[in-house]
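Excluded from the calculations below are hydrogen atoms, water molecules and symmetry mates; all remaining heavy atoms, backbone and side chain alike, are included. Positions are given from 1 along the sequence.
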Amino acid sequence: MNSETGRVQSHRFLAAALVPVLVCVLFPLVRVGNVIERHSRFSPIDEMAHWDYIQRLSIGELPRMGDRLRAETLREAACRGVALPEMVLPPCSARTLFQDDFPGRAYQYEAQQPPLYYALSIPLSLLTGGLFGLGPVRGARLTGAFWLASALLLTWRTGRILGVARTSLSAAILLVASAPVVTYHASVVSNDAMVLFGGALV
């Protein structure tokens, strides 16, 4: 093999390795990061309760049905807000926060969920929140980008095993990663962030 052939093969290998990184990792990371940056308020789709579950588990408590959201969660919600225009929460400056003044009377109704997503989110959110200085909420949200990228990489690998062309596979994955519902659920604290990963793993 001459040096020219070696360089060509090296370039092809590099291009083949770079495409899935761009399509499956960088593109969804930019999409998810953009949504996280633009929306500071808690999602009305139970994000407050999901985040409370992670925080509770991180201090060794397993939530049970009938529990109320922790005081730290209530304070975070009062200061951050919830993305529903008609929802009025106590002010961030309130000295005392009462659970009955919050949505669902601040019951921890996500305690019914199995703890896998929440337990895995603890080290991931510590890493993302600490490494990038995002804080506990945005750090936990960014774990959704990890689950999405993992799902897309598994999909890429499966497609290549089945002989799907890189261009077709790239187009399909970009389409999936661009879907608003996919980006949204990867951008908030929710165990729905693992759904695509679970499907891709199967």
Arg105 side chain reached by Gln99 side chain, heavy atoms, under 4.5 Å: no
Does Ser190 offer a backbone N or O that forms a donor-acceptor pair with the side chain of Tyr117 under 3.5 Å? yes
Single-linkage hydrophobic cluster Leu62~Trp51, side-chain heavy atoms < 4.5 angstrom: yes
Locate the shortest heavy-atom distance separating Leu69 from Gln108; write the atom from each residue and the value. CD2-NE2, 3.9 Å
Carboxylate-amine/guanidinium contact Asp52 Arg68, below 4.0 Å: no
Do Phe42 and Glu76 have side chains that get closer than 4.5 Å, going by heavy atoms? yes
Of the non-hydrogen atoms in Arg41 and Val82, which two are nearest, and what is the gap between them? NH1-O, 3.8 Å
Could you measure the distance from the OG atom of Ser58 to the CD1 atom of Ile122? Nearest 0.5 Å is fine. 5.5 Å
Linking I/L/V/M/F/W/Y whenever any side-chain heavy atoms sit under 4.5 Å apart, do Leu57 and Val137 land together? yes
Output the rest of the hydrophobic cluster of Val188: all Ile, Leu, Val, Met, Phe, Trp and Tyr residues reachable through side-chain heavy-atom contacts under 4.5 Å, sorted by chain and number. Ile45, Tyr184
Arg160 atom CZ, neighbour heavy-atom count above 12 within 6.0 Å: yes
Of Val35, Val182, Leu148, the residue whose pairing with Ser187 passes side chain to side chain contact (heavy atoms under 4.5 Å, CB included): Val35
Of all heavy-atom pairs linking Val19 and Ser170, the shortest is CG1-OG, 3.5 Å
Close side-chain approach of Arg80 to Ser40, heavy-atom, < 4.5 Å: yes
Going from CG on Leu29 to SG on Cys24, what distance comes out if it is rounded to the nearest 0.5 angstrom? 12.5 Å
Atom CG in Leu196, atom CG in Leu154: separation rounded to 0.5 Å? 11.0 Å
Can you get from Phe146 to Leu116 by hopping between Ile, Leu, Val, Met, Phe, Trp and Tyr side chains that sit under 4.5 Å apart? yes
Quick one: does Arg166's side chain get under 4.5 Å of Leu169's, heavy atoms only? no
Separation between CE of Met194 and OG of Ser121, rounded to the nearest 0.5 Å: 8.0 Å
Checking the side chain of Arg75 only, and the main-chain atoms of Cys92 only, is there a donor and an acceptor separated by less than 3.5 Å? yes
Quick one: side chain to side chain donor-acceptor pair (under 3.5 Å) partners of Arg64, sequence neighbours excluded? none
Cut-off 3.5 Å, side chains only: do Asp46 and Tyr109 have a donor facing an acceptor? yes
Pairwise side-chain contact, Met48 with Pro103, heavy-atom cut-off 4.5 Å (strictly under): yes
ILVMFWY cluster, Ile161 and Leu201 together (side-chain gap under 4.5 Å): no
Heavy-atom pair of closest approach, residues Leu89 and Gly81: CD1-CA, 4.1 Å
Within-4.5 Å side-chain heavy-atom neighbours: His39 and Asn34: no
Got a sec, which residues hit ring-ring contact (aromatic ring centres under 6.0 Å, His included) with Tyr53, two or more places apart in sequence or on another chain? Tyr118
Between Phe102 and Leu74, is any pair of side-chain heavy atoms under 4.5 Å apart? yes
Qualifying residues under ring-ring contact (aromatic ring centres under 6.0 Å, His included), relative to Phe197, sequence neighbours excluded: Trp147
Could you note down all residue pairs passing side-chain hydrogen bond (donor to acceptor under 3.5 Å, both in side chains) where residues 23-32 supplies at least one of them, sequence neighbours left out? Arg31-Thr183
Pair Arg56, Asp67 - check side chain to side chain contact (heavy atoms under 4.5 Å, CB included), show working. CA-CA 11 Å; Arg56 193 183 296 267; Asp67 284 347; 4.1 Å; yes
When you compare the side chain of Val23 with that of Leu152, does any pair of heavy atoms fall below 4.5 Å? no
Separation between NE2 of His50 and OG of Ser43, rounded to the nearest 0.5 Å: 8.5 Å
With Gln113, which residues qualify under side chain to side chain donor-acceptor pair (under 3.5 Å), at least two apart? Glu110, Asn191
If you take all heavy atoms of Ala140 and Val189, which pair is closest and at what distance? CB-CG2, 3.8 Å
Atom pair CG/CZ of Asp101 and Phe98 - distance to nearest 0.5 Å: 7.5 Å
If every non-hydrogen atom of Val32 is compared with every non-hydrogen atom of Ala145, which pair is closest and at what distance? CG1-CB, 4.0 Å
If hydrophobic clusters are built from ILVMFWY residues whose side chains come within less than 4.5 Å, do Met87 and Leu97 share one? yes
